[in-house]
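Sharing a structure, written as structure tokens. Questions coming.
Only heavy atoms go into these numbers, but all of them, side chains included; no hydrogens, no water, no symmetry mates. Chain identifiers are assigned alphabetically (A, B, ...) following the order of the sequence lines, protein sequences preceding nucleic acid strands; residue numbering begins at 1 within each chain.
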Protein chains: 2
Amino acid sequence: MRQNPTLKKIAEKLNVSISTVSRALKDHPDISSETKKKINELAELIEYDPNPYAINLRTHSSKEFAVVVPSLSNFFYHSFISAIEEDARDYGYSVIIYRSSNDPKIEQQILKSCRHKRVSGIFIAITSETTDIAPFLKLDIHGIPVIFFDKVPQYESCNKICVGDEHAASIAAEEILKKGFRNVLGIFGDKNMSITQARLQKFMEVMRNGNPEIDLKTVHARSSEEAEQLTLSLIPDYLEKKFAIFCMSDEILAGTMKAIQRKRLKPPHDLGLIGISDGMIPSLFYPEITYAETSGYNLGKLAYSRMMRCISGSSFAQTIIDQSKLVMGGSI
Amino acid sequence: MRQNPTLKKIAEKLNVSISTVSRALKDHPDISSETKKKINELAELIEYDPNPYAINLRTHSSKEFAVVVPSLSNFFYHSFISAIEEDARDYGYSVIIYRSSNDPKIEQQILKSCRHKRVSGIFIAITSETTDIAPFLKLDIHGIPVIFFDKVPQYESCNKICVGDEHAASIAAEEILKKGFRNVLGIFGDKNMSITQARLQKFMEVMRNGNPEIDLKTVHARSSEEAEQLTLSLIPDYLEKKFAIFCMSDEILAGTMKAIQRKRLKPPHDLGLIGISDGMIPSLFYPEITYAETSGYNLGKLAYSRMMRCISGSSFAQTIIDQSKLVMGGSI
DNA sequence: AATGTTACCGCAAACGTTTGCGGTAATAAT
DNA sequence: ATTATTACCGCAAACGTTTGCGGTAACATT
């Protein structure tokens, strides 16, 4: 277990001062090109790498971003993180990923750790139980920008990047109308989630406006299993009127699909099916499920550029909405 | 953007020395309980939190583990990470997650970053193209233990924690035999992957020994789509003999299931289906798919205890295999 | 009264950087 | 020949901790 090379070691070997080595390594104009050459060569040779702890202690900049998500087993977050990482790499930042397990306590711990580590910025999808956003604002005071994404707080003046819930719900609804369904079941998530309210409200609005005579029923499920049960009990025995189901999320869709398979029904013939998704789950079935896309990747790109703006100082709180688009499967 | 509280600030306010504050905060016996009380109260009040960079600079210990995986959109890795995090939290370690995107270049960068940050240890599932393991051994020299899991190198003398590929393949094969299938299709992954070889070899061995007259066919697919195509073309038109399909992985299973849905076949009646999986994908279908479980969670627990052993110094390279168990769905 | 113990506490160096400032020698301008 | 300019380079402080060592006062022991 040998020691890591330091500026000091290089300085001693070359009979120059530590400051000279430090400056040479970052191409400071005060140092002659001759000296620079010597120093760089030796540094290369002994594989010198600056100690990030010392740098941070001195400069208070960590050059790393934190991404905090409730869960990792989620294609949406995964593609969000990919997008962030792509951009961060280009700017010389690294990104560390935290997982809150949807537990506000753990979330707080993570936040604390981010503060201690003086991360350069935080991207966070808050837990569904997060109510107190004071700690987040506090981070901003400490000079650490916070970008909320996907799951964002109600609070107005903070940076939020969200999927276009209303838009996604409306294009799904429009597709249902376009295909001429008269009997529609909408399955939504937990009533208390803001995402549910947004999607539900818009979905109903578009439906009602599009066709006042439609037979529309909406229900709420808090889990995949509940969605399965609801679907099972709410699919009419005789599908005389053209019947369609809208699933607000992947979780709901998974449950509903299980029920559909159980009843041995085949979209799009027996019934129409459409959801809102990032695309992973819909692609597992045949025919693939048609869905309004919520792209984690897009969101990531948007979030990153927002972050850069914050870091450069020229920022005011802003909410950005990513519009979604219809991805055609064969389920409706 | 106000400054963070430091030992110095506390010391000044209380007219004691920095060393006294430092010691008081860690309950050093040299400090009177009276002084300790004062200091702790003030520290609490102004929310003092030690600067991890300063600590690391001084002590060279980071109290954090790195977990490096090729991908995050993977239930298996997700549960592995959960297990590590659970244990790490108890021991006062935090864990940071890195994603190599299955790119050896990025993997190298991550390794480098881990070295710079002097992480306390690394858990890594290497990329499928990683050939040079010298950098890993070098980390060990630097005093950073490396535990390989899931995707591990061939090299003998390192710490490896793997799923029991042979065992999983054999219990799946036994289940097929037990249910009396005479016509079996085994779909495996890329021929070059060691995991494929292990599972294939054992699967065939058990099959042949169990029933020499069985009609067994094995194929290889490098993607989900390929698995779908293969399944489509290899399912007999007339399923007179009892027919079963074995899918080596989730990826394969996803493709195969699409083909099965496409052909409107229903397990377990039309054909038997069994896989090796962590359990996420199998639960999406009805009936749920029966599978030999490879538990990321178990692996994580094993890996962590191995890590602790390494850190305490009492370690020699060792390979640990986690045996799998059959999880009953209704597909066979 | 001199010495030994004990209980507290502070000094100062060290970890590896960065950076403002000042210094020296060589060269250019007066 | 003096002064200004330039090109290089080093000193030293600072970032926030930890920790060995030494010091002082109070008390207990001879």
Provide, to the nearest angstrom, the distance between the NE2 atom belonging to H60(A) and the P atom belonging to dC15(D).
-> 8 Å
In whole angstroms, the gap separating P of dC21(C) from NE2 of H28(A) amounts to 13 Å
In whole angstrom, give the distance that lies between atom CG of L25(B) and atom P of dT17(D).
->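 After rounding, the reported distance stands at 9 Å.
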Test: K37(B) and E41(B) ion pair at under 4.0 Å = yes
Test item: side-chain donor near acceptor, S128(B) and N102(B), under 3.5 Å | yes
Flag the pair Y93(A) / F65(A) as yes when their ring centroid distance falls below 6.0 Å, and as no otherwise.
-> yes
For this output row, return yes or no: ring centroids of F136(A) and Y155(A) closer than 6.0 angstrom.
->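 No: the rings miss the under 6.0 Å criterion.
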Would a distance-only check, ignoring hydrogens and angles, find a side-chain to backbone donor-acceptor pair under 3.5 Å from E107(B) to T127(B)?
-> yes
CG of D49(B) versus C1' of dT17(D): gap in Å, rounded?
-> 14 Å
Whole angstrom value for the distance that separates P of dC15(C) from CG of N56(A) | 19 Å
In B/S/- notation (B base, S sugar-phosphate only, - none; protein heavy atoms under 4.0 Å), nucleotides 4-14 of chain D written 5' to 3' is ----BBBBBBB
Could you note down all residue pairs passing side chain to side chain donor-acceptor pair (under 3.5 Å) where residues 295-311 of chain A supplies at least one of them, sequence neighbours left out?
-> E86(A)-Y297(A), E86(A)-K301(A), D87(A)-K301(A), N159(A)-R306(A), R306(A)-Q318(A)
Give the rounded distance in Å between these two atoms: CG of N51(A) and P of dC15(C).
->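 One finds 12 Å between P of dC15(C) and CG of N51(A), rounded.
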Name the nucleic acid region contacted by S22(B), choosing base, sugar-phosphate or nothing; use a 4.0 angstrom heavy-atom cut-off, strictly under.
-> base
Please confirm whether the backbone N or O of I55(B) pairs with a side-chain atom of T59(B), one donor and one acceptor, at under 3.5 Å?
->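 Present.
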Can you pull every protein N or O that's under 3.5 Å from an N or O on nucleotides 23-28 of chain D?
none

How are the rings of F149(B) and F80(B) set to each other: parallel, tilted or perpendicular (split at 30° and 60°)?
->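 F149(B) and F80(B): parallel rings.
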Euclidean distance, atom CG of residue L57(A) to atom C1' of dC15(D) [Å, nearest integer] | 4 Å
Euclidean distance, atom NZ of residue K8(A) to atom P of dG16(C) [Å, nearest integer] =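 It is 7 Å, rounded to the nearest whole Å.
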Tell me, with the steps shown, if K112(B) and R115(B) meet side-chain contact (heavy atoms from CB on, under 4.5 Å).
-> CA-CA 5 Å; K112(B) 204 165 157 187; R115(B) 188 153 49 84; 4.0 Å; yes
